[in-house]
Amino acid sequence: MKINTGLFICAIAVSLLSQGCGAGGDKKQDKKQLDGFVTGTANFSADESFSPIVNEELFVFRGIFRDANPVITYKPETGVISDLLNDKTRVAILSRTLDTTESGVLKRRELVPDVNKFAIDAVALIVNQASNDTTISVNEIKQMLRGEAKANKSIVFDNPNSSLVRYLKALAGTTEFKQKNIYALSSNKEVIKYVSTHTDAIGITGFSWLNDPDQDYAAAVDKVKIMGVKDESSKTAPNEYFKPSQTTLVEQSYPLSRSLYIIDCTGRKGLGAGFASFLASERGQRIILKSGLLPDSLPPREINIVH
């Protein structure tokens with residue numbers, strides 16, 4: 001479902017008006033006040049792979065709506081799905097939609113998922129600045145992940161239960177990585193730090209972690225470089241290498257990307273719907289744009305003409 005800025009503003013107005021009208025209402029209802037569109041507290045679960053951009057959005061959202069308090073717990077993808085299916089949360093942020101079985105579990109509990117895409121992230125391959133490797137092909141990536149290439153490089157990625165590992169398994173057409181030269185670390189930060197000190201490593205990480213890094217790993221980012229990737233199956237540029245950027249994501253020339261979704265199973269216009277609307281609004285999409293990721297809908301450019 002696509003949410004526009006006008007709907008976002010109208011929903012906020014209705015939410016605030018409803019709160020004002022209900023100020024002298026039923027005291028029993030006040031004891032267990034439900035979160036509103038931009039008020040109250042609600043628990044969300046989010047894929048830890050996207051904590052940089054989600055935290056940026058959350059910071060601005062809370063700054064604008066001081067009575068809103070989304071509490072976001074970051075976990076590997078499998079943990080987020082588990083929270084959703086076991087009713088520990090009813091709002092999730094993931095890099096995929098729910099499959100038929102997962103949707104069925106929720107629908108049997110009369111919780112119909114409201115799914116909104118809000119951004120596109122790239123899967124980046126990084127090497128040490130001292131490495132001679134600057135390019136790689138999609139076929140070479142698949143061969144390395146399947147153990148069909150020479151094991152002269154170690155391949156590192158984040159948590160074994162992460163969305164990135166699921167993505168890589170699907171890309172390689174395998175259910176598990178058995179090779180001794182493939183390692184799962186604990187997080188995207190650890191991947192970047194590892195590659196920054198190992199010249200024989202190839203790291204696979206989310207592109208969002210390489211833009212405007214926090215101080216605790218910014219020095220490591222300066223010691224790695226992003227590889228260009230070629231997709232031999234491309235109909236438009238099978239012999240060209242591309243690095244991840246907003247331009248190559250828009251043109252779909254960079255072959256490794258994934259979409260970000262917010263999934264609201266509350267069935268009402270509560271804080272989950274409010275945050276989803278903010279993500280899809282012009283303000284929320286501009287935050288995506290400035291982060292280096294690709295917004296789901298590109299905000300219009302404002303041009304001031306001075307006479």
Side-chain angles (χ1 to χ4, degrees), residues 46-57 76-77 93-97 117-127 133-142 144-145 155-159 162-172 185 187-192 195-196 201-214 217-218 220-222 224-234 236-238 240-262 279 284-299:
D47 187 328
E48 61 188 9
S49 299
F50 308 110
S51 60
I53 185 58
V54 175
N55 278 336
E56 285 186 46
E57 295 278 5
E77 181 182 81
I93 297 175
L94 294 162
S95 65
R96 68 172 178 88
T97 57
K117 176 181 170 184
F118 65 92
I120 298 174
D121 183 29
V123 175
L125 278 77
I126 58 174
V127 292
D133 295 316
T134 57
T135 59
I136 193 169
S137 71
V138 171
N139 280 342
E140 288 173 329
I141 297 170
K142 293 178 180 179
M144 288 192 300
L145 294 173
I155 303 171
V156 292
F157 42 73
D158 62 350
N159 191 291
S162 72
S163 56
L164 182 57
V165 171
R166 173 186 55 78
Y167 177 93
L168 295 174
K169 287 178 179 178
L171 178 69
L185 302 178
S187 67
N188 284 272
K189 285 185 183 181
E190 291 304 314
V191 170
I192 297 168
V195 174
S196 73
I202 295 176
I204 306 178
T205 184
F207 186 50
S208 60
W209 288 89
L210 301 169
N211 293 291
D212 193 22
D214 293 336
Y217 73 103
V221 171
D222 291 336
V224 304
K225 56 187 176 183
I226 300 175
M227 302 181 76
V229 181
K230 176 179 72 174
D231 183 8
E232 301 93 323
S233 65
S234 171
T236 56
E240 292 186 49
Y241 293 90
F242 298 94
K243 290 186 178 182
S245 69
Q246 289 174 332
T247 299
T248 58
L249 287 173
V250 167
E251 296 174 347
Q252 298 183 348
S253 54
Y254 185 74
L256 308 176
S257 65
R258 51 187 180 164
S259 299
L260 279 65
Y261 303 89
I262 181 167
L279 293 175
Q285 292 291 282
R286 285 195 179 280
I287 294 171
I288 300 289
L289 188 65
K290 291 180 180 179
S291 75
L293 276 68
L294 180 65
D296 182 52
S297 58
L298 290 173

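Computed from a prediction, not measured in an experiment: that's the story for all the values here. Basis for what follows: all heavy atoms, side chains included, without hydrogens, waters or symmetry-related copies.
- Ile120 approaches Ser259 most closely through the heavy-atom pair CG1-OG, 4.1 Å.
- When all heavy atoms of Leu185 and Glu190 are compared, the closest pair comes out as CD1-O, 3.6 Å.
- For Thr134, the side-chain contact (heavy atoms from CB on, under 4.5 Å) criterion is met by Lys225, not counting sequence neighbours.
- With Ser137 as the fixed residue, the side-chain hydrogen bond (donor to acceptor under 3.5 Å, both in side chains) test singles out one of Lys142, Lys230, Glu232: Glu232.
- Between atom CD1 of residue Ile53 and atom CD1 of residue Ile287 there is a gap of 7.0 Å, rounded to the nearest 0.5 Å.
- The CD atom of Glu140 sits 9.5 Å away from atom CG of Asp133, with the distance rounded to the nearest 0.5 Å.
- Partner of Val156 under the side chain to side chain contact (heavy atoms under 4.5 Å, CB included) criterion, chosen from Ile192, Val195, Ile126, Ile204: Val195.
- Separation of atoms CG (Leu210) and OH (Tyr217) is listed at 7.0 Å; rounding is to 0.5 Å.
- Applying the side-chain contact (heavy atoms from CB on, under 4.5 Å) criterion to Thr248, with sequence neighbours excluded, gives Phe242, Ser245, Ser253, Tyr254.
- Interatomic distance, Ile136 CD1 to Met227 CE, rounded to the nearest 0.5 Å: 4.5 Å.
- For Trp209 (side chain) and Ser49 (main-chain N/O), a donor-acceptor pair under 3.5 Å exists by modelled atom type.
- Closest approach of Gln246 and Ile288 over heavy atoms only: NE2-O, 4.0 Å.
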I'd like a table of donor-acceptor pairs (distance under 3.5 Å, sequence neighbours excluded) in which one partner is a side-chain atom from residues 163-171, with atom names and distances.
residue : atom : partner : partner atom : Å
Ser163  : OG   : Asp47   : OD2          : 2.7
Ser163  : OG   : Arg258  : NH1          : 3.0
Arg166  : NE   : Glu77   : OE1          : 2.6
Arg166  : NE   : Glu77   : OE2          : 3.2
Arg166  : NH2  : Glu77   : OE2          : 2.9
Arg166  : NH2  : Ser95   : OG           : 3.2
Tyr167  : OH   : Ser257  : N            : 3.3
Lys169  : NZ   : Thr175  : O            : 3.3

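- Residue Gly206 comes nearest to Asn188 through the heavy atom pair N-OD1, 3.3 Å, listed as atom of the first residue, atom of the second, then distance.
- Between Ser291 atom OG and Asn55 atom CG the span is 12.5 Å, to the nearest 0.5 Å.
- In this structure, CG in Asp158 is found 7.0 Å from OG1 in Thr205, a value given to the nearest 0.5 Å.
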Between Leu260 and Ile93, is a side-chain contact (heavy atoms from CB on, under 4.5 Å) present by the stated rule, with each step listed?
CA-CA 7 Å; Leu260 279 65; Ile93 297 175; 5.5 Å; no
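- Residues satisfying the salt bridge (charged side-chain N to carboxylate O under 4.0 Å, His left out) criterion with Asp222, sequence neighbours excluded, are absent altogether.
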side-chain contact (heavy atoms from CB on, under 4.5 Å) evaluation trace for Thr236 with Glu251:
CA-CA 11 Å; Thr236 56; Glu251 296 174 347; over 6 Å; no
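- By the side-chain contact (heavy atoms from CB on, under 4.5 Å) test, Pro76 is found to be paired with Glu48, Thr78, Asn159, Asn161, residues two or more places apart in sequence or in another chain being considered.
- Between the side chain of Gln285 and the main chain of Phe118, a donor-acceptor pair closer than 3.5 Å is present.
- Under the rule for a side-chain contact (heavy atoms from CB on, under 4.5 Å), the partners of Asn211 that lie at least two apart in sequence or sit in another chain are Phe207.
- Taking both residues in full, the closest heavy atoms of Gly203 and Val191 are given as CA-CG1, 3.9 Å, listed atom of the first, atom of the second, then distance.
- Closest non-hydrogen pair, Asp121 versus Ser208, comes out as OD1-N, 3.4 Å.
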